[in-house]
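Just so it is clear, the values below take in all heavy atoms, side chains as well, and ignore hydrogens, waters and symmetry mates.
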Amino acid sequence: MTTQMIFRIDKKLKLAAQRRAKSQGITLSHLYKQATRSFVAGKLDITITALLPEIPNTRTARLFKVALRDIKLGRNFSPSFDNAEEAVSYLKKYAS
């Protein structure tokens, strides 16, 4: 029995991988299957040496900017609570 795996990958990277696989006479699907088998068997180790920074989209960047400004100004924060009753009491004061 087989299963399908779906994941997102940069289009240019996928095309480059397809071209290289084809040049070696295999499909990209076969490459992924073999890499997975090798990984499970301990014959393929992956080492991540550097993570690329995540770049937020425009909307998320704007939300980060607003949140960071609020943090600097000490706005839009609830106090810390020692127990659930204090938290519920605080929320009830501000419920409409």
Side-chain angles (χ1 to χ4, degrees):
M1 185 168 102
T2 61
T3 187
Q4 183 177 22
M5 292 177 49
I6 299 173
F7 59 94
R8 298 197 180 281
I9 188 169
D10 181 79
K11 187 174 184 176
K12 290 179 183 178
L13 181 60
K14 177 188 172 193
L15 292 173
Q18 282 176 319
R19 281 192 298 273
R20 182 149 188 241
K22 185 177 180 179
S23 75
Q24 295 189 11
I26 61 173
T27 64
L28 193 54
S29 176
H30 183 75
L31 168 70
Y32 292 152
K33 289 175 192 172
Q34 286 303 110
T36 303
R37 285 186 189 105
S38 295
F39 183 73
V40 169
K43 297 178 182 177
L44 174 65
D45 290 324
I46 305 296
T47 303
I48 299 175
T49 56
L51 294 176
L52 298 175
E54 292 286 334
I55 301 171
N57 63 29
T58 304
R59 179 177 180 268
T60 303
R62 186 173 57 247
L63 291 171
F64 282 156
K65 187 176 179 180
V66 169
L68 289 172
R69 186 186 67 225
D70 285 351
I71 290 168
K72 285 181 183 178
L73 297 174
R75 294 190 313 199
N76 298 324
F77 287 97
S78 64
S80 59
F81 305 103
D82 292 327
N83 56 55
E85 290 80 21
E86 287 180 9
V88 170
S89 176
Y90 174 83
L91 292 171
K92 285 183 179 179
K93 283 194 295 188
Y94 296 98
S96 357

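- Sorted by first and then second residue, the side chain to side chain donor-acceptor pair (under 3.5 Å) pairs involving residues 16-29 (not counting sequence neighbours) form an empty list.
- Leu63 and Leu73 are assigned to two separate hydrophobic clusters, defined by single-linkage of ILVMFWY side chains at heavy-atom distances under 4.5 Å.
- When the side chains of ILVMFWY residues are joined at heavy-atom separations under 4.5 Å, either directly or via intervening members, Leu31 and Met5 end up in two distinct hydrophobic clusters.
- In this structure Arg75 satisfies the side-chain hydrogen bond (donor to acceptor under 3.5 Å, both in side chains) test together with Asp70, sequence neighbours excluded.
- For residues 22-75, every residue pair satisfying the ring pair (Phe, Tyr, Trp, His ring centres under 6.0 Å) rule, not counting sequence neighbours, is listed here: Phe7-Tyr32.
- Annotation: Ile9, atom CD1; neighbour count of heavy atoms from other residues, nucleotides and ligands within 6.0 Å is above 12.
- Minimum interatomic distance between Ala61 and Pro56 (heavy atoms only, all atoms of both residues): N-CB, 4.0 Å.
- Shown here are the side-chain hydrogen bond (donor to acceptor under 3.5 Å, both in side chains) partners of Thr60, two or more places apart in sequence or in another chain: Asn57.
- Remark: Ser78 engages Phe81, Tyr90 in a side-chain contact (heavy atoms from CB on, under 4.5 Å) (not counting sequence neighbours).
- Within the structure, side chain to side chain donor-acceptor pair (under 3.5 Å) pairs that include any residue of residues 1-15 do not occur (at least two apart or interchain).
- Here the closest non-hydrogen pair linking Leu44 and Ala35 is CD2-O, 3.5 Å.
- The side-chain hydrogen bond (donor to acceptor under 3.5 Å, both in side chains) search around Arg37 returns Gln34, not counting sequence neighbours.
- Applying the ring pair (Phe, Tyr, Trp, His ring centres under 6.0 Å) criterion to Phe77, with sequence neighbours excluded, gives no partner residue.
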